[in-house]
Amino acid sequence: MYTMSNDEIAWSRRVAIMGGTFDPIHYAHLLIAEDVRQRFQLPRVLFMPSGNPPHKREYEVSPAEDRYIMAVLATADNPRFAVSRLEIERSGPSYTIDTIRQLKAKMGPGTQVLFVTGADAVLDIVTWHEPDAILDEATLVAVPRPGFDLNELDETLGQERASKVTVIDAPLAEISSTMIRERVREGRSIRYLTPRPVIDYINKRGLYRSRVEARETMEEATS
Ligand code: ATP
Ligand code: MG
């Protein structure tokens with residue numbers, strides 16, 4: 001029987017959560033996750049598609065199952081990436097702190113959780129549920145994002161909270177899910193913005209097109 005050494009156990013109990021709506025997942029999400037994975041020598045990065053977004057959003061979010069499948073398709077070729085169903089299967093609003101606690105309980109005592117956010121998300125964290133608990137129970141890792149200034153971290157979060165955030169410099173990519181949804185709606189190419197299997201899935205399901213167009217796609221597929 002092979003018994004893990006204490007060092008190996010400690011290593012295996014480190015995980016990064018890449019949280020998001022992922023509507024759809026795109027290359028910026030993937031490259032950030034890979035950068036964090038390598039930099040912190042993590043055995044696993046867990047993509048965590050949100051369930052019901054707690055804030056009312058300005059657009060109708062795609063079904064959780066579609067967002068989950070696209071995340072699985074996009075990460076399938078990376079053995080250190082996995083997609084979790086934790087939030088999409090939990091009823092009620094998706095609170096990050098609940099996810100962090102649930103994951104720690106599942107992975108056992110001594111689990112270290114890194115929670116990865118882009119600059120926009122980390123600057124917004126004071127509006128999240130229990131921000132101080134998030135900062136205490138996970139290591140918040142923030143990456144830059146075009147259009148958002150991480151130098152504002154101190155001012156926006158206050159010095160004490162800001163000091164708990166680990167800022168790293170991942171490659172910048174000016175890609176957003178909003179941009180992809182708009183491009184699909186306008187009939188423009190989304191090639192090289194997200195992996196091919198995700199594009200195929202968007203087309204197959206008629207996601208992000210007008211309701212009429214999407215219904216036509218589904219009718220065509222089932223007739
Ligand atoms: P939307 O436009 O629908 O808000 P999004 O591109 O912001 O989509 P989300 O699912 O909202 O993607 O974001 C998930 C996480 O990824 C957040 O922490 C967000 O800050 C981060 N993120 C997304 N795109 C980028 C990017 N281009 N650069 C840095 N971080 C990003
Ligand atoms: Mg966003």
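When a ligand or atom number is given, it counts from 1 through the structure's own listing order. Since the model is a prediction, treat every value here as computed from it, not as a measurement.
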One residue to check: Ile32. Relative to ligand 1, which of side chain, backbone, both or neither has a non-hydrogen atom less than 4.0 Å away?
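Side chain only.
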Under 4.0 Å from a heavy atom of [X]: which atoms of ligand 1 are those, numbered in the order shown and with their elements?
{"X": "Gly20", "answer": "10 (O), 14 (C)"}
{"X": "Thr117", "answer": "18 (O)"}
{"X": "Thr178", "answer": "1 (P), 2 (O), 3 (O)"}
{"X": "Ala28", "answer": "25 (C), 26 (C), 27 (N)"}
{"X": "Ser176", "answer": "2 (O), 6 (O)"}

hydrophobic_cluster_shared for Leu150 and Val126, side chain cutoff 4.5 Å
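No, separate clusters.
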With the threshold set at under 4.0 angstrom, would you say [X] reaches ligand 1 through any of its heavy atoms?
{"X": "Ser50", "result": "no"}
{"X": "Met18", "result": "yes"}
{"X": "Pro144", "result": "yes"}
{"X": "Asp120", "result": "yes"}
{"X": "Arg181", "result": "yes"}

Go through Asp23 and Ser62 one step at a time and tell me if the side chain to side chain donor-acceptor pair (under 3.5 Å) criterion holds.
CA-CA 7 Å; Asp23 195 15; Ser62 302; 2.7 Å; yes
Pair Tyr2-Glu8, side chain to side chain donor-acceptor pair (under 3.5 Å): steps then yes or no:
CA-CA 12 Å; Tyr2 176 74; Glu8 283 173 299; 2.5 Å; yes
Has ligand 1 got any nitrogen or oxygen that is less than 3.5 angstrom from a nitrogen or oxygen of Pro146?
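N/O-N/O distance below 3.5 Å does not exist for this pair.
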Contact check: Ser177 vs ligand 1, nitrogen or oxygen atoms, below 3.5 angstrom:
yes
By side chain to side chain contact (heavy atoms under 4.5 Å, CB included), Ser12 pairs with (sequence neighbours left out) Met4
Shared-cluster residues of Leu172, by chain and number - hydrophobic side chains joined below 4.5 Å
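Same cluster as Leu172: nobody, lone residue.
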Would you say Gln38's side chain and Asp35's backbone share a donor-acceptor pair under 3.5 angstrom?
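Checked: no pair found.
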Run the side chain to side chain donor-acceptor pair (under 3.5 Å) test on Arg90 and Thr99 for me, step by step, so that the C-alpha distance in whole Å, both residues' side-chain angles and the decisive distance to 0.1 Å come before the verdict.
CA-CA 9 Å; Arg90 199 166 60 209; Thr99 304; 3.0 Å; yes
Just go through His26, His29, Arg145 and tell me whose heavy atom is the nearest to atom 7 (O) of ligand 1.
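Answer by nearest heavy atom: Arg145.
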Of the listed options (Ala173, Gly19, Gly118), which comes nearest to atom 15 (C) of ligand 1 when hydrogens are ignored and any heavy atom counts?
Gly19
Kindly indicate whether the side chain of Val83, heavy atoms from C-beta on, has any atom under 4.5 Å from the side chain of Tyr68.
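Sidechains of Tyr68 and Val83: in contact.
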Non-hydrogen atoms of Lys104 and Thr111 that approach each other most closely:
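The answer is CE-O, 3.5 Å.
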Tell me, please, whether Phe81 has Arg44 positioned over its six-membered ring: NZ or CZ under 6.0 Å from the ring centre and within 45 degrees of its axis?
no
